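Working notes, structure below.
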Amino acid sequence: MGCLYENTASSNGFTNGRSDEQCKAIYYFVPRGGCIGKLFMRPISDEQYDAMVEAKAATVRDKKYALKKLGIDEDMVKEVAPLCLEGYSFTGNVFCKQGKDLKWRSSKYQITWVFCGDNQLYFYSYTFNTDEDGKKTEAEEYFYKDVTNISHSSETEEIVSLRDSKGNPLIRNNVTYNQFMISAMGDKRYCAMEANETTERAIQGLKNKLREKKNA
């Protein structure tokens, strides 16, 4: 039995070679109403998409996982409580959509850990995509004297929220998102974050520790 309805995602080639889970994510963002092979794909809700992301994030969110990737022991980074940030990322070629709750979501999610040692600041991030197998990890360490700035901000910019299979823009939206930034030795590292009182307090604690170390 063929597709019951014409499907925008399928006709644009977004779902070619994708798993069922990845197709569900794509159909969350792309106009749909059809099927993949013989499987009818119904739209998923904001809550279902968040649950899909959470299931994947839970496997790499653990602090011990980040410490292992950095090659350090927890006893080495007890200067202040570690900072854990996470959220949807809107950099690069991603799908994005504003949900019924007015929150913007994308097909890329990022989890970042920042640890403070005696002399160094350690940074680890894990980024994955829901619409494909892509993932990226970064592990860096900076001496406090080399860190020039730590900040977080809310940005609104025009982002291509939908492209065709060749990467050509189809839809543009003004997207508001939060990000955290570390600047050191001329290098700037940005990571996604959800702004709330807990993360803001943790970031302020990190800033205070940086000032203390640089003035020591």
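No experiment lies behind these values; they were computed from the predicted model shown. Along the sequence shown, the residues carry numbers beginning at 1.
- Note that Lys108 lies outside the cation-pi zone of Tyr88, set by a 6.0 Å cut-off to the ring centre and a 45° limit from the axis.
- A donor atom on one side chain and an acceptor atom on the other are found under 3.5 Å apart for Tyr109 and Glu86.
- Hydrophobic cluster membership of Tyr144, counting Ile, Leu, Val, Met, Phe, Trp and Tyr whose side-chain heavy atoms lie under 4.5 Å apart directly or via other members: Leu83, Leu85, Val114, Leu121, Phe123, Tyr142, Val147, Ile150, Phe180, Ile182, Met193, Ile203, Leu206, Leu210.
- Applying the 4.5 Å side-chain rule to ILVMFWY residues, one finds that Val94 remains a lone member of its cluster.
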Side-chain polar contacts of residues 63-77 - donor-acceptor pairs under 3.5 angstrom, sequence neighbours left out - could you list them?
residue, atom, partner, partner atom, Å
Lys63, NZ, Glu74, OE2, 2.7
Asp75, OD1, Lys78, NZ, 3.2

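- Contact of the Glu140 side chain with the Arg189 side chain is registered, since non-hydrogen atoms from C-beta on lie closer than 4.5 Å.
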Quick one, Tyr49 with Phe29, criterion ring pair (Phe, Tyr, Trp, His ring centres under 6.0 Å). Give me CA distance, side-chain angles, the key distance, then yes/no.
CA-CA 10 Å; Tyr49 183 71; Phe29 295 101; 5.1 Å; yes
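- Applying the side-chain contact (heavy atoms from CB on, under 4.5 Å) criterion to Gln98, with sequence neighbours excluded, gives Leu102, Trp104.
- Pairs of residues two or more places apart, or lying in two chains, that qualify as side-chain hydrogen bond (donor to acceptor under 3.5 Å, both in side chains) and include a residue from residues 169-182 are Thr156-Thr176, Glu157-Tyr177, Ser161-Asn173.
- For the residue pair Gln204 / Asn208, a side-chain donor-acceptor distance below 3.5 Å is found, with atom types taken as modelled.
- Using modelled atom types, one finds a donor on one side chain and an acceptor on the other under 3.5 Å when comparing Ser183 with Thr148.
- For the residue pair Gln22/Asp133, the side-chain donor-acceptor check at 3.5 Å is satisfied.
- In this view, Gln120 and Tyr122, Glu141, Phe143 satisfy the side-chain contact (heavy atoms from CB on, under 4.5 Å) rule, not counting sequence neighbours.
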